[in-house]
2 protein chains.
Amino acid sequence: MDDTADTALPPGLDLLWGLRERNRRGPRPGLSLERIVQAAIELADAEGLAAVSMSRVAERLGFTTMSLYRYVASKDELLTLMMDSVAGELSVPDDLPPGWRAGLTYWAKEQLALFRRHPWTAQIPITGPPLGPRALAWMEVGLRMLEDTGLAGDEKLGVISLLSGYVRGEAQLSMDLAAALQAHPRQATYGELLRTVLDADRYPILHGIAASGALDFPSEYSEADFDFGLQLVLDGIGVLIASRSRDADGADRQDGPGPPSDGP
Amino acid sequence: MDDTADTALPPGLDLLWGLRERNRRGPRPGLSLERIVQAAIELADAEGLAAVSMSRVAERLGFTTMSLYRYVASKDELLTLMMDSVAGELSVPDDLPPGWRAGLTYWAKEQLALFRRHPWTAQIPITGPPLGPRALAWMEVGLRMLEDTGLAGDEKLGVISLLSGYVRGEAQLSMDLAAALQAHPRQATYGELLRTVLDADRYPILHGIAASGALDFPSEYSEADFDFGLQLVLDGIGVLIASRSRDADGADRQDGPGPPSDGP
DNA sequence: ACAATCTGTGTACGTTATACACAGTTCTAG
DNA sequence: CTAGAACTGTGTATAACGTACACAGATTGT
C-alpha cells in the first residue's frame, strides 16, 4: 500500500488521476473504489457525515469493515475521494453568462446548490489546495469567468478562492444552524432572546437594534443572507478589477490589496 | 438538571448569564465550572480540540470523568462555555481607530489573533447567533466601528457577520492546511503538483498559471492571503456604505445588496 | 433526628478506526 | 505443470469515546 512514493500527490489523489498500479495476481476483486465511494456518499446524503463509518459503508455493500481497506488506505482518503466525486456534479453551461459579475454569480450559486445537495461536503476539512480532476475543472470554470478582467493569474486564483471560501462558509453556517435548531428546537426569536439578556448600559447599540424589533423573525438561514454577503464580496472584487483596469491606463492604485501570495 | 425551561436560552448559556440556580443542600462542590472550562481550554490549546475528551479534562483536574457531568450537561455545553470564555480575551482599545475602515481592520485582525492563539475555536460548529456575554460585547465593538456609516441596524449586523465569517473561515482554512501538512509532509509546491497532473487541453487557464511559475512557493497559509481577502471584503463594505450615504442625499441605489434578512 | 438533595465514583454499553493474522484464490516463474 | 508470490476478504483485538445509571457519603432544611 506504500507505492505512493513515486508521486508527491497527497494520499488518495493518485487514485483519482489513475496513477495507482493495478494488480495482476490474486482473486478478482468483488468490490471497487467507485462502489465504495458511491455508497459512502449515499450514506452521507441520507444520514449526515457522522453516519459515515467504515462499518456502515461496508454494511451497505454487504462486505465486512476491513474489506474496505483493500481499496482505501484510511477513512481520510475515502473522504477525499467523496469530495472530488461530488465535484463532478457541478455543471458547466455551454454558453457562459456575459461579464465577470454574472459569471461569478452563477459560479457561486451553482456551488451553493451543490453544498445544499450534499451538506456534508462543507464539513470535511480542507487538506490542501484543490488537486482532484473534477475540483480543478470547476476551478477552471471560475477562472474563465475572470478572463476579461485584466487580473493577473494569481489574483484570479485569489478571487476564486475568496469566493469559494465565502460560499463554503455560508453553507457550513446554514448547516450548523439547522442541525442545532433540530437538536434544540427554539421558539424565541434572536431579538427576543437578546432583550431578555442585554442591558442598555453595557450593550447600547445591540440593545437598540434588538429593541427596534428588526431581529424578530425566525432565525433560519435564508437565501437573502447569502445574497447580501455575495453582493458585498462581488462589489469588493469589482473594486479590485476597476483598479487593475486603471493600472492598465498607467495610473497607480493607492492603498489597494496586493496579490494573494508573495512569490519567490 | 431540567430547570432550563424558564429561559428559552440554548443549553449552557443560562450558565454564562448566571441564570442557573445555585444549590443549597448537599456536599460542598469540590470543582467549579470555571476550573473545568479553563482546564478544557488549556488542553485544547496544548493538544488540539480532538484531545478534549471528558476523560482527559477530568484527569487534568484530578477527578473522575463522570464528575464533570454535575457541572455541565454535555460535552457540547462545555464547548459552548469554552467559546465564550476565550471571547473575553478580545481587547477593546480605549481610543477607537478613526473611520470604519481602520476600525473594522482592527476588529478583524484582533479576532484573527484570537483564532491563532486558540486554533480550536474555529473548529467548534456554530450553533446559533452570538448569545454569550463576552461574544456580544465583542459584537458591540464591531457595531461601534460602523456608527458613522449611515447603515441601518440590521445592515450593520450583516456587515459584522460577513466579516466575522470571513475571519473564521480563513482561520479554519489555515488550521486545516497546517494540520494536513504536518500529517503528510510535502516537498512539492502547488505549481509543481499541478504541472505533473494537468494537461493544457482540459485546463488551459490553470495550466497557464501553473506554467508561469506563479505558484512555485511553499504552500503555507500566509498573512498576505488573509490581507488580500480582507481588503476585498472591506472594499465591498465600502461600496455598500457609499451607496447608503448616496441614499441619504436622496439618490437611489441601482443594483446593490438588500438588507441581510427580510423582517416580518 | 430525619429526610431531602446534592457531590463524586464505579460500572456498563455501544461505537469508532485500524493493526494483525489467516484462509482461500489467482497468476507467474521455473 | 507445479511451486510460490501476491492478492482479496474475514475475524479478532485494542484503546478510546460520550454518557446512562445506580450508589455511597456529605450537607442542609425542617
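Atoms considered below: every heavy atom in the structure, side chains included; atoms not considered: hydrogens, waters and symmetry mates. As the structure is a prediction and not an experimental result, all values here were calculated from the model. Just so we're on the same page: letters track the sequence lines, and every chain starts at 1.
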Legend entry - Nearest-nucleotide 5' precedence on DNA chain D, B:S74 against A:T64: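 Residue closer to the 5' terminus by nearest nucleotide: A:T64.
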
Inset, instruction - Select from A:R25 and B:V52 the residue whose nearest nucleotide in DNA chain D is closer to the 5' end of that strand. - result: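 First, find each residue's nearest nucleotide; the 5'-ward one identifies A:R25.
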
Legend entry - B:H207 and B:D199: side chain donor to acceptor below 3.5 Å: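 Judged by distance alone, the side chains do not pair up.
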
Legend entry - Side-chain donor-acceptor pair present, B:Q111, B:W138, cut-off under 3.5 Å: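 The answer is yes; a qualifying pair exists.
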
Inset, instruction - Mind checking A:S67 for me? I need base, sugar-phosphate or nothing, with any heavy atom below 4.0 Å counting as a touch. - result: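 Counting heavy atoms under 4.0 Å across all strands, the contact made by A:S67 includes a base.
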
Would you kindly give the [atom1]-to-[atom2] distance between [X] and [N], to the nearest whole Å?
X     : N      : atom1 : atom2 : result
B:L78 : D:dC17 : CG    : C1'   : 15 Å
B:M54 : C:dG10 : CE    : C1'   : 16 Å
B:L79 : D:dC17 : CG    : P     : 14 Å
B:R28 : D:dG25 : CZ    : C1'   : 15 Å
A:L68 : D:dT8  : CG    : C1'   : 13 Å
A:L31 : D:dG9  : CG    : P     : 6 Å
B:K75 : D:dA16 : NZ    : C1'   : 11 Å
B:F63 : C:dG8  : CZ    : P     : 5 Å

Legend entry - Within-4.5 Å side-chain heavy-atom neighbours: A:K109 and A:D227: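 Yes, close enough: below the 4.5 Å cut-off.
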
Legend entry - pair B:L112-B:L230: side-chain heavy atoms closer than 4.5 Å: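 They are not in contact (no side-chain heavy atoms under 4.5 Å apart), so the answer is no.
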
Legend entry - Side-chain ion pair, B:E223 and B:R116, N-O less than 4.0 Å: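 Between B:R116 and B:E223 there is a salt bridge, with a charged N closer than 4.0 Å to a carboxylate O.
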
Legend entry - Straight-line distance of A:Y71 OH to A:F63 CZ, nearest 0.5 Å: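 Answer rounded to 0.5 Å: 6.5 Å.
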
Legend entry - B:Y69 vs D:dG18: side-chain N/O to OP1/OP2 distance below 4.0 Å: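 No, B:Y69 has no side-chain N/O under 4.0 Å of OP1/OP2 on D:dG18.
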
Inset, instruction - Report yes if at least one side-chain N or O of B:T65 is closer than 4.0 Å to OP1 or OP2 of C:dT9; otherwise report no. - result: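 Looking at the OP1 and OP2 atoms of C:dT9, neither is under 4.0 Å from any side-chain N or O of B:T65.
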
Under-3.5 Å N/O pairs linking protein and nucleotides 19-21 of chain C:
none

Would you list the atom pairs, donor with acceptor, under 3.5 Å between side chains in residues 126-136 of chain B and any protein atom, with sequence neighbours excluded?
from, atom 1, to, atom 2, distance (Å)
B:R134, NE, B:D84, O, 3.0
B:R134, NE, B:D84, OD2, 3.3

